[in-house]
Amino acid sequence: MNFQSSLPHLALSLALLLTGCGMAPASAPLAAEREGSELTTRSDSPEIAAQIKANFISQDESGTLVKALPVPKKPKDVTFFSFKALDNNLAVTLPMHLNVLEKAGSNTAVNTVVLTDDVGPKNSRWYYMTQDQNLEAVVSPWVPVGKRGEVNSGHGGALASAMRQAFSNYPSRLRWLDVNNHGGGYYGIAQDDRSDAMIRLPQLAQALQRGRGAQKIDVLTFDACLMATLEVAYELRDEAKVMVASEDSSYALGMNYDTTLAALGNKVPAEPAALSRDLVLRAQRKGKQVALFTISALDLSKADKVTRAVDQLGKALLAAMPRHAPAIKKALASVKPFYVAGPDQSDFNHRDLHEVIVQLRERIDDPTLQTACAGVQDTLFNRGGVIIMSRAAREEGKIARGLSIYLPTNGVVDPIYKETAFARATRWDEFLASLR
């Protein structure tokens, strides 16, 4: 199964390959990112350099092959583990990802650990990222993954196993998991072309549950498109405390991780929410090149509350349809869908939830529906709301407030959507079907 061709209505264009879902614009070479952040972080301990030297085998364009990755003697404040499932057309961005992470590397407070899955066989690798300012070459130590040197990164079991290994080998007070790949919101993430597989949203929740053990992930980030959805937040509400993702497309260098990781070397926030705010504030890179369309920090402990409110909204909309169907359809159609490849490639049908509420409240004079809309709005931004912080590029600032929802307006509901925990828990999919 190919993620790009298996979506019922999605025809990804050249624009996707150049700008969307983790890809870098052809006009934006990595050298343009040199003006990102100035590192003031404290270097990793001398024992790490000694371990790398003692286990050295060889060095090439992939980095420094070693017999075993270095392991600090004591736990650190943060372990950042990035699962880079790039066995697909995103593989060309892998050197950029690794070089950007080397700008911060690991330091006295942070373990930066990466599992990469590249295109082709026997090239899955574990990295322990070390500091290096040369953006043209990867130098960090690496070892093959397992005896075969290959993982199916589109399988939840691979993610769960990698999480257990990363967080047990590199214990820390805060655990930060990053998943880097094509994203499709309710549809899933982590397309592996070689294995013809991807992790559906319910399987993603299962993988995180098995991989995290008894302790929730503190910060979960998606360097992928379209993952800041209510469906994703609700599915993963029991697996992580805070989620940071984009409502829309993303670029190759995503959330400016290197500046946040470098800052952590000097001061580590006490709570995951503070770390997520820092990610949002630092997400845009300097210069003319746009590094993001949207970015949101979401409090997953509030996902239940939002979901109950949307369930009531779905019920109210179903009741209002006989009388207000034309106005409801017009209101929903007026909300711009987020897209990956361009305005004519919006078949993922994710729309900003706040903007949906605004349009419904402005256009439909129905007391029950108005009350339901107000109930949803109260769960988004007021004290205790699900959206901790959000930002958007100028062209999307008016329609991207931090959380999207699946909303096709033609009454056709993707069968895969109905497998999500959100669809099973609410009447939202029933309302969507009524739009025919």
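Just so you know, these numbers come straight off a predicted model, no measurement behind them. Just so it is clear, the values below take in all heavy atoms, side chains as well, and ignore hydrogens, waters and symmetry mates.
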Query raised in the report: Given Leu220 and Asp178, is the side chain to side chain contact (heavy atoms under 4.5 Å, CB included) satisfied, shown in steps?
Result: CA-CA 6 Å; Leu220 171 63; Asp178 171 63; over 6 Å; no

Is [X] reaching over with its side chain to a backbone N or O of [Y], donor-acceptor style, under 3.5 angstrom?
| X | Y | result |
| --- | --- | --- |
| Thr64 | Pro141 | no |
| Ser106 | Thr112 | yes |
| Ser82 | Val114 | no |
| Arg210 | Ala205 | no |
| Gln131 | Asn107 | no |
| Ser249 | Cys225 | no |
| Arg424 | Glu419 | yes |
| Arg427 | Val310 | no |
| Asn123 | Val119 | yes |
| Asn180 | Asp223 | yes |

Classify the side-chain pair [X]/[Y] by whether it contains a donor and acceptor separated by less than 3.5 Å.
| X | Y | result |
| --- | --- | --- |
| Ser296 | Ser390 | no |
| Thr420 | Glu231 | no |
| Ser404 | Asp352 | no |
| Asp311 | Thr426 | no |
| Ser124 | Asp117 | yes |
| Thr294 | Ser246 | yes |
| Tyr186 | Asn349 | no |

Which distance, rounded to the nearest 0.5 Å, do you find between the [atom1] of [X] and the [atom2] of [Y]?
| X | Y | atom1 | atom2 | result |
| --- | --- | --- | --- | --- |
| Ile48 | Lys53 | CD1 | NZ | 15.5 Å |
| Leu432 | Asn410 | CG | CG | 9.5 Å |
| Lys67 | Phe56 | NZ | CZ | 11.0 Å |
| Gln206 | Ile199 | CD | CD1 | 11.0 Å |
| Met129 | Leu69 | CE | CG | 11.0 Å |
| Leu279 | Arg391 | CG | CZ | 12.0 Å |

Query - Any residue meeting salt bridge (Lys or Arg N to Asp or Glu O under 4.0 Å) with Asp218, in chain and number order, not counting sequence neighbours - result: Lys241

Report task. Please step through side chain to side chain contact (heavy atoms under 4.5 Å, CB included) for the pair Leu353 and Leu380, ending with a clear verdict. Result -> CA-CA 9 Å; Leu353 181 55; Leu380 297 180; 4.1 Å; yes

Would you name the heavy atoms of [X] and [Y] that are closest together and state the gap between them?
| X | Y | value |
| --- | --- | --- |
| Phe431 | Gly314 | CB-O, 4.1 Å |
| Val232 | Met227 | CB-O, 3.5 Å |
| Leu65 | Pro144 | CD1-CD, 4.1 Å |
| Val356 | Leu407 | CG2-CD1, 3.6 Å |
| Thr108 | Gly265 | OG1-O, 4.0 Å |
| Leu201 | Gly185 | CD2-O, 4.4 Å |

Query raised in the report: Hey, mind stepping through Ile387 and Leu298 against side chain to side chain contact (heavy atoms under 4.5 Å, CB included) and telling me if it holds?
Result: CA-CA 5 Å; Ile387 301 172; Leu298 305 173; 3.9 Å; yes

Query raised in the report: Any side-chain hydrogen bond (donor to acceptor under 3.5 Å, both in side chains) pairs touching residues 297-309, not counting sequence neighbours?
Result: Arg237-Asp304, Asp299-Ser301, Asp299-Lys302

Centroid separation under 6.0 Å, is that true for the rings of [Y] and [X]?
| X | Y | value |
| --- | --- | --- |
| Tyr257 | His97 | no |
| Phe167 | Trp176 | no |
| Phe422 | Tyr406 | no |

Min side-chain heavy-atom separation [X]-[Y] under 4.5 Å:
| X | Y | result |
| --- | --- | --- |
| Leu177 | Met163 | yes |
| Ile57 | Val66 | no |
| Tyr170 | Phe80 | no |
| Arg212 | Glu239 | yes |
| Arg175 | Gln215 | yes |
| Val151 | Leu115 | yes |
| Leu98 | Ser140 | no |
| Asn99 | Glu136 | no |

Query raised in the report: Would Arg200 count as a cation-pi partner of Tyr187, with NZ or CZ less than 6.0 Å from the six-membered ring centre and within 45° of the ring normal?
Result: yes

Query raised in the report: Is the Lys NZ or Arg CZ of Arg351 less than 6.0 Å from the centre of Phe338's six-membered ring, within 45° of the axis?
Result: no

**Report entry** Residue list, ring pair (Phe, Tyr, Trp, His ring centres under 6.0 Å) with Phe83, at least two apart or on another chain
**Finding:** none

Query raised in the report: Does atom NE2 of His354 have more than 12 heavy-atom neighbours, drawn from other residues, nucleotides or ligands, at distances under 6.0 Å?
Result: yes

Requested in this report: Answer yes or no: does atom CD of Glu47 have more than 12 heavy-atom neighbours from other residues, nucleotides or ligands under 6.0 Å?
Outcome: yes

**Report entry** CA sep, side-chain torsions, deciding dist, call: Thr221, Val219, side chain to side chain contact (heavy atoms under 4.5 Å, CB included)
**Finding:** CA-CA 7 Å; Thr221 55; Val219 177; 4.0 Å; yes

Query - Trace of the salt bridge (Lys or Arg N to Asp or Glu O under 4.0 Å) decision for Asp44 with Lys76 - result: CA-CA 11 Å; Asp44 214 338; Lys76 295 185 181 180; 3.1 Å; yes

Query raised in the report: Trp126 and Phe81: ring pair (Phe, Tyr, Trp, His ring centres under 6.0 Å), yes or no, with the steps?
Result: CA-CA 10 Å; Trp126 278 105; Phe81 168 48; 5.5 Å; yes

